[in-house]
Protein chains: 2
Amino acid sequence: MPRASTTSDAFNAVAEPRRRDILSFLVSEERPVNDIVATLNLPQPSVSKHLRVLLEVGLVDVRRDGRQMFYRTNAEAIRPLHEWTGTFERYWRNQLARVKERAEASEKPK
Amino acid sequence: MPRASTTSDAFNAVAEPRRRDILSFLVSEERPVNDIVATLNLPQPSVSKHLRVLLEVGLVDVRRDGRQMFYRTNAEAIRPLHEWTGTFERYWRNQLARVKERAEASEKPK
DNA sequence: GAATTATATTCCTATATAGGAATATGTCAA
DNA sequence: TTGACATATTCCTATATAGGAATATAATTC
């Protein structure tokens, strides 16, 4: 069995660094495809393909205006990832606290 | 070109749902491989392979004790994902606020 | 309707999987 | 040293890519 499809969920879609770049670029306002191509310096077909993946998993929305397609990040779709990773937060906090404690203990050995 | 390797970074490693299950299971305390096998109901070789991927990207640590290998989630390695997704938080907040406004506006049409 | 602009799709290929089965390695205990 | 237990590795296969090149579709303007 190969890996799960990139379009199977947001986790898989977001594993590709270029797609993360696109999401960051499209987060504050909608942009036509050409803006993405120009700003991220990627071949146009490549951008179109990445956008298709992002669209399929709901990470972006589109709107057509004349011959331009305006894409925009759907931040809501990123939320589940933030929440899943957030379940580990208290643990890295604890780890950091422990590291700090040890550092201070060895600084003042008495 | 195929997709980036699962071991290329935490984003790729975490795209696989079984690996996420393993990370959640190992977060509060270290566990021998057999515990993972028993609890998550997966074939032992499969678990070993997933652990190898997680280990390579630093998402887990290991310690050997006799014939057992104790694995534990390294929460710190998940932090970058939480931070990246966190950059979108204000946008989904805004989206929600807008949705709410509209809902209230249509509730009281005057 | 022909040319132009904007975007999407198709075809190609090399490659890295995940899972299953079988087997190997490593450690302890009698 | 033999056997039992715990974990890791190897071999196999089907499949889904990402990127490049070429082309298709769609909308606009002249």
Side-chain angles (χ1 to χ4, degrees), chain A residues 1-23 25-26 29-73, chain B residues 1-23 25-26 29-73:
Chain A
M1 234 185 213
R3 266 205 262 185
S5 161
T6 55
T7 56
S8 56
D9 60 28
F11 281 98
N12 281 280
V14 147
E16 161 65 45
R18 264 67 199 271
R19 285 197 283 266
R20 289 202 296 280
D21 293 342
I22 291 175
L23 288 173
F25 181 62
L26 295 176
E29 49 177 335
E30 59 174 16
R31 304 269 197 177
V33 178
N34 251 346
D35 272 24
I36 311 175
V37 170
T39 303
L40 302 187
N41 242 302
L42 297 172
Q44 176 268 314
S46 176
V47 171
S48 275
K49 286 179 210 161
H50 284 314
L51 286 170
R52 198 183 203 302
V53 171
L54 294 173
L55 190 61
E56 269 191 61
V57 296
L59 280 164
V60 296
D61 296 320
V62 218
R63 177 177 72 85
R64 154 160 269 152
D65 181 26
R67 25 185 163 178
Q68 294 188 308
M69 298 291 267
F70 285 83
Y71 284 87
R72 171 170 207 162
T73 297
Chain B
M1 235 184 214
R3 266 204 261 186
S5 160
T6 55
T7 56
S8 56
D9 59 28
F11 281 97
N12 280 280
V14 146
E16 161 65 46
R18 263 70 198 271
R19 285 198 283 268
R20 289 201 297 280
D21 293 342
I22 292 175
L23 288 174
F25 181 63
L26 295 176
E29 50 177 335
E30 58 174 17
R31 305 268 198 177
V33 178
N34 252 345
D35 272 24
I36 311 176
V37 170
T39 303
L40 302 188
N41 242 302
L42 297 172
Q44 177 268 315
S46 177
V47 171
S48 275
K49 286 178 209 161
H50 284 314
L51 286 171
R52 199 183 201 302
V53 172
L54 294 173
L55 190 61
E56 270 191 61
V57 297
L59 281 163
V60 296
D61 297 321
V62 217
R63 179 177 71 85
R64 151 160 272 149
D65 181 25
R67 26 187 163 176
Q68 295 188 304
M69 298 291 268
F70 286 83
Y71 284 88
R72 172 170 206 164
T73 296

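Convention: sequence-line order gives letters A, B, ...; per-chain numbering from 1. Hydrogens, waters and symmetry mates play no part in the numbers below; they use all other heavy atoms, side chains included. Keep in mind it's a predicted model, so treat the numbers as computed, not measured.
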> Closest nucleotide of DNA chain D for A:P43 versus for B:S46: which of these residues is on the 5' side?
Replying inline: B:S46

>> Counting the atoms with a prime plus P, OP1 and OP2 as sugar-phosphate, which does A:F70 contact under 4.0 Å by heavy atoms, base, sugar-phosphate, or nothing?
In response: nothing

>> Using whole Å, what does the distance between atom C1' of nucleotide D:dT7 and atom CG of B:D35 come to?
In response: 13 Å

> Where each residue is assigned the nucleotide of DNA chain D containing its nearest heavy atom, which of B:R52 and A:G66 is assigned the position nearer the 5′ end?
Replying inline: B:R52

> Does the side chain of B:N12 come within less than 4.5 Å of A:R3's, by heavy atoms?
Replying inline: yes

> What's the closest nucleotide to the A:N34 side chain, out of D:dA18, C:dA21, C:dT7?
Replying inline: C:dT7

>> Looking only at the side chain of B:M69 (C-beta and beyond, no hydrogens), which of the listed nucleotides C:dT7, D:dA8, C:dT9 gets closest?
In response: D:dA8

> At what distance, to the nearest 0.5 angstrom, does CD of A:Q68 lie from CD of A:E30?
Replying inline: 10.0 Å

>> Tell me the interatomic distance from B:H50, atom NE2, to C:dA16, atom P, rounded to whole angstroms.
In response: 18 Å

> Do A:L40 and A:V47 come close enough that some side-chain heavy atom pair is under 4.5 Å?
Replying inline: no

> What integer distance in Å separates B:R18:CZ from C:dG19:C1'?
Replying inline: 10 Å

> Under 3.5 Å, is there a donor-acceptor pair between the side chain of A:R64 and the main chain of A:G66?
Replying inline: yes

> Whole-Å distance between C:dT7 P and A:L26 CG?
Replying inline: 12 Å

> Is there a donor-acceptor pair closer than 3.5 Å between any side-chain N or O of B:R72 and the backbone N or O of B:L26?
Replying inline: no

> Quick one: A:D65 CG to D:dA26 P, roughly how many Å, whole number?
Replying inline: 18 Å

> Do the side-chain N or O atoms of B:Y71 get closer than 4.0 angstrom to the phosphate oxygens (OP1, OP2) of D:dA6?
Replying inline: no

> What's the CD1-P distance between A:I22 and C:dA8, to the nearest Å?
Replying inline: 11 Å

Let me check something: any side-chain donor-acceptor pairs from residues 50-62 of chain A under 3.5 Å, sequence neighbours excluded? List them with distances.
{"from": "A:H50", "atom 1": "ND1", "to": "A:R19", "atom 2": "NH1", "distance (Å)": "3.1"}
{"from": "A:R52", "atom 1": "NH1", "to": "A:E56", "atom 2": "OE2", "distance (Å)": "3.0"}

> Can you find a donor-acceptor pair, distance only, under 3.5 Å between A:R67 side chain and C:dT7 base?
Replying inline: no

> Nearest nucleotide by nearest heavy atom, which residue falls closer to the 5' end of DNA chain C, A:Q68 or A:P45?
Replying inline: A:Q68

> In whole Å, what is the span from the CG atom of B:N41 to the P atom of C:dG19?
Replying inline: 14 Å

> Do B:Q44 and D:dA8 have a side chain to base donor-acceptor pair shorter than 3.5 Å?
Replying inline: yes

> Which part of the nucleic acid, if any, lies within reach of B:P32 when heavy atoms closer than 4.0 Å are counted: base, sugar-phosphate only, or nothing?
Replying inline: sugar-phosphate

> Among residues 1-17 of chain A, which contact DNA chain C at a heavy-atom distance under 4.0 Å?
Replying inline: A:M1, A:P2, A:R3

> A:T6 versus A:E16: any side-chain heavy-atom pair under 4.5 Å?
Replying inline: no

>> Between C1' on C:dA8 and CG on A:L51, what's the gap in Å once rounded to a whole number?
In response: 10 Å

>> From C-beta outward on A:V33, which listed nucleotide comes closest to its side chain: D:dT9, C:dA8, D:dA26?
In response: C:dA8

> Okay, side chain of B:R63, backbone of B:Y71: is any donor-acceptor separation there less than 3.5 Å?
Replying inline: no

